[in-house]
Amino acid sequence: MCGITGYIGHKQAYPIIINGLKRLEYRGYDSAGIILNENNSFKLKKTKGKVSDLEKICSNLNSTATVGMGHTRWATHGIPSDKNSHPHLSNNGKIAIVHNGIIENYDTIKKMLLSKGFTFQSETDTEVLVNLIQYIQDSQKLNISTAVRVALNEVIGAYAIAVMEVDQPQEMVVARLSSPLAIGIGDNEYFVASDASPFIEFTKEAVYLEDGEMATITLKGVDVHKIKDNKKVNPIIQELKISLEEIEKGGYDHFMLKEIHEQPKSIMDTMRGRLLVEKGIIQMAGIWDYQEKFLNAKRIIIISCGTSWHAGLIGEYLIEDLARIPVEVEYASEFRYRNPIITDEDIVIAISQSGETADTLAALKLAKEKGAFIYGICNVVDSSIARLTDAGSYTHAGPEIGVASTKAFTAQLAVLTMIAIKLAKHKGTISKEKFNSLLTELESIPAKVEQVIKDTEEQVKKIAELYVNVNNFLYLGRGYNYPVALEGALKLKEISYIHAEGYPAAEMKHGPIALIDENMPVVVIAPKTTHYDKIVSNIQEINSRKGKVIAIVTQEDTQVKNIVSQAIEIPAVSEYFVPILASVPLQLLAYDIAIMRGVNVDQPRNLAKSVTVE
């Protein structure tokens, strides 16, 4: 949640920071602000709304400052408003802060500061932190870097922060705990950001702060220390792998549409170097190196949130069906709070697009304390989850900017499918012939996804026109396609704000059937695989209540096609691979309906891409 960007160097800071905020707006977009230090004087502009609104009020800024920082917010403490927007200033006006995260003990600190005569202009925990820094600096006569470190040892919570002092115009102090922060290393210039996207055109080198680290940045360099004990750290400079083209729209109207169209490539990239059909192997070092742990595991626990949880459900079907290992899928947000039973014979797989999801990180830490083996599946190299796990797999989907996940989801399915097939081979639960057949078919999936996009895009748009004004949707699926129904419903409600529910088709008659009438569209994932006859019966039950059925069907299947209002065809594949193909037209349907309703699909209300707070 929230995006931080900053600059110290020899260029004008404002255009670099404002452009960086635009690239970080996927992390939060209910308010934005910028502060520049010019000639030992702060220039502060902030507003409720988007970065474009901030640009408007900065039109007459005329600053030549070469140091500054900005913030785009997703509200936690305090409603979206001008006053609650970041940056925040200390009471003496000399210290400025931008902050991503939550200070959990802010209320106790605030009461102490109020007793010392401090006043507050906002409802935020961030303003409490900046005034704590001022209080510590004034009372203990400390420099800004030391005051920040002492203050952070007093707070409980999660944060990424950047701090400037007006009297130190060529210095910035940054720190992180459970929230990402990158420092770009340029030519006599330095960049700060929540991820590397704001500075990718300026440098290919970056330092990623570890949890519990802080850095003092000046034109002389980056000085990194531990927050707890001030122990010096020698930072590791990493080469950035992303390109500018990857984080731009590339001619598409929206990032979400671009990312839907990128799925053939992102799935292929995820399988590249792993799915080696000509050699008859799946090469995954994270599985191979710990093969015995996987094969002897009493159970696998998959923990994740949102779309990644739906991927986990499909992973459960795949691993249990093919490899015959018991799997449980848990919401990470609930897992740590219910005193779960975990042993050193368990494997915990964490799935997260960003690798920074706070709930998933907290659940992982608990599982690790209990002795479980931790395996991560995420999209962001060197993210917190990647560093915490014992082993894992990157999805290689590339940067995903649209808040509603598309290509990251299908890339997660590709990884889970490869894991299931590989484990099945090593356990001997599938024959060599079936293993080779699945490898060959999986290799064909990217091309089939491309075919689905090409064949269905215009048809889905026409279907969307028919249902753009409805208020409720029901999504149904059986077996592997029940999680697909959940994901389809989530996509629709995330970006169109239409109420949608996903259900196992067999459960329809145990409650949801009461909702069905001529005004209720029902999306049914109905490929010609296992449970086909049962799903046909479910469709007939909907028809008898005058419901409108939109079905995802196998090409050349006329039975379902003849009894539904609209049918969207996908190529015939094994049921293991249907979720990847069936998800694509559901993504397009949600996208088209949202566009027709005038919704900003890349930045839906109340949502942010990287959920780094609990």
Side-chain angles (χ1 to χ4, degrees), residues 1-7 11-36 42-63 65 67-76 78-88 96-100 122 124 126 160-162 164 179-182 184 191-202 244 246-250 252-256 258 399-404 495 598-612:
M1 305 295 191
C2 305
I4 291 172
T5 185
Y7 176 75
K11 299 185 179 81
Q12 287 191 20
Y14 172 76
I16 294 172
I17 294 169
I18 205 76
N19 190 54
L21 289 177
K22 290 176 183 177
R23 294 192 184 154
L24 290 174
E25 200 165 18
Y26 71 93
R27 300 180 68 91
Y29 33 87
D30 59 42
S31 56
I34 189 168
I35 191 163
L36 304 170
F42 280 150
K43 287 189 174 182
L44 172 63
K45 296 283 186 179
K46 58 181 183 175
T47 182
K48 175 185 175 182
K50 298 186 181 296
V51 175
S52 58
D53 298 306
L54 176 64
E55 269 193 298
K56 291 175 185 175
I57 68 170
C58 290
S59 58
N60 60 351
L61 195 57
N62 297 322
S63 174
V67 59
M69 57 192 190
H71 188 269
T72 181
R73 183 173 186 249
W74 185 87
T76 51
I79 62 170
S81 68
D82 292 355
K83 287 185 177 181
N84 289 332
S85 304
H86 298 212
H88 287 284
I97 191 171
V98 290
H99 168 220
N100 175 12
S122 75
T124 68
T126 305
I161 62 167
M164 296 195 313
S179 193
L181 200 67
F191 308 82
V192 172
S194 297
D195 63 45
S197 62
F199 54 78
I200 190 64
E201 68 263 49
F202 299 107
L244 187 60
E246 287 181 297
I247 59 172
E248 294 184 337
K249 290 180 184 175
Y252 289 91
D253 290 337
H254 301 92
F255 281 110
M256 182 177 179
K258 174 178 179 267
E400 187 178 65
I401 308 299
V403 167
I495 62 170
V599 175
N600 185 336
V601 295
D602 287 337
Q603 298 172 357
R605 69 187 181 203
N606 303 333
L607 296 176
K609 185 67 177 173
S610 181
V611 186
T612 57

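Here, residue 1 is the first one in the sequence, and each next residue gets the next number. It should be emphasised that the depicted structure is a prediction, and the values quoted were computed from it without experimental measurement.
- Partners of T124 according to the side chain to side chain contact (heavy atoms under 4.5 Å, CB included) rule, which considers only residues two or more places apart in sequence or in another chain, are R73, N84, H88, S122, T126, E127.
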For M164 and I35: C-alpha separation, side-chain torsions, deciding distance, then whether side-chain contact (heavy atoms from CB on, under 4.5 Å) applies. CA-CA 9 Å; M164 296 195 313; I35 191 163; 3.7 Å; yes
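- When every heavy atom of G68 is checked against every heavy atom of I17, the shortest pair comes out as C-CD1, 3.2 Å.
- Taking the side chain as every heavy atom from C-beta outward, K45 and L61 approach each other to under 4.5 Å.
- Side chain of H86 to backbone of A32: no donor-acceptor contact under 3.5 angstrom is found.
- Scanning for side chain to side chain donor-acceptor pair (under 3.5 Å) contacts around K249 gives an empty result, with sequence neighbours left out.
- For the atom pair D82 CG and T47 OG1, the distance stands at 4.5 Å (nearest 0.5 Å).
- For the atom pair CD of Q12 and CG of L36, the computed distance is 10.0 Å after rounding to the nearest 0.5 Å.
- Interatomic distance, S31 OG to K46 NZ, rounded to the nearest 0.5 Å: 9.0 Å.
- Here the CG-CE distance, from N600 to M256, works out to 11.5 Å after rounding to the nearest 0.5 Å.
- Between A160 and L181, the shortest heavy-atom distance links the atoms CB-CD1, 4.2 Å.
- With rounding to the nearest 0.5 Å, the separation of CD in E55 from CD1 in I34 is 9.5 Å.
- Using a 4.5 Å heavy-atom cutoff, the side chains of D602 and V403 are not in contact.
- In this structure, the ring-ring contact (aromatic ring centres under 6.0 Å, His included) partners of F191, at least two apart in sequence or on a different chain, are Y7, F199, F202.
- None of N19, L24, I18 except one satisfies the side chain to side chain contact (heavy atoms under 4.5 Å, CB included) rule with V51; the exception is I18.
- At least one side-chain heavy atom of K11 sits under 4.5 Å from a side-chain heavy atom of I16.
- Side-chain atoms of R23 and I200, non-hydrogen and from C-beta on, do get closer than 4.5 Å to each other.
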Taking it one step at a time, do K43 and Y14 satisfy side-chain contact (heavy atoms from CB on, under 4.5 Å)? CA-CA 11 Å; K43 287 189 174 182; Y14 172 76; over 6 Å; no
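- Annotation for G20 and P198: closest pair CA-CB, 3.5 Å, computed over non-hydrogen atoms.
- Remark: D30 CG to Q603 CD distance equals 10.5 Å, nearest 0.5 Å.
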Could you please spell out the steps behind the side-chain contact (heavy atoms from CB on, under 4.5 Å) verdict for C2 and H71? CA-CA 7 Å; C2 305; H71 188 269; 3.5 Å; yes
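- Of all non-hydrogen atoms in S194 and P180, the two that sit nearest each other are O-CB, 3.7 Å.
- Counting heavy atoms of neighbouring residues, nucleotides and ligands inside a 6.0 Å radius, atom NZ of K50 exceeds 12 of them.
- At most 12 non-hydrogen atoms from other residues, nucleotides or ligands lie less than 6.0 angstrom from NZ of K48.
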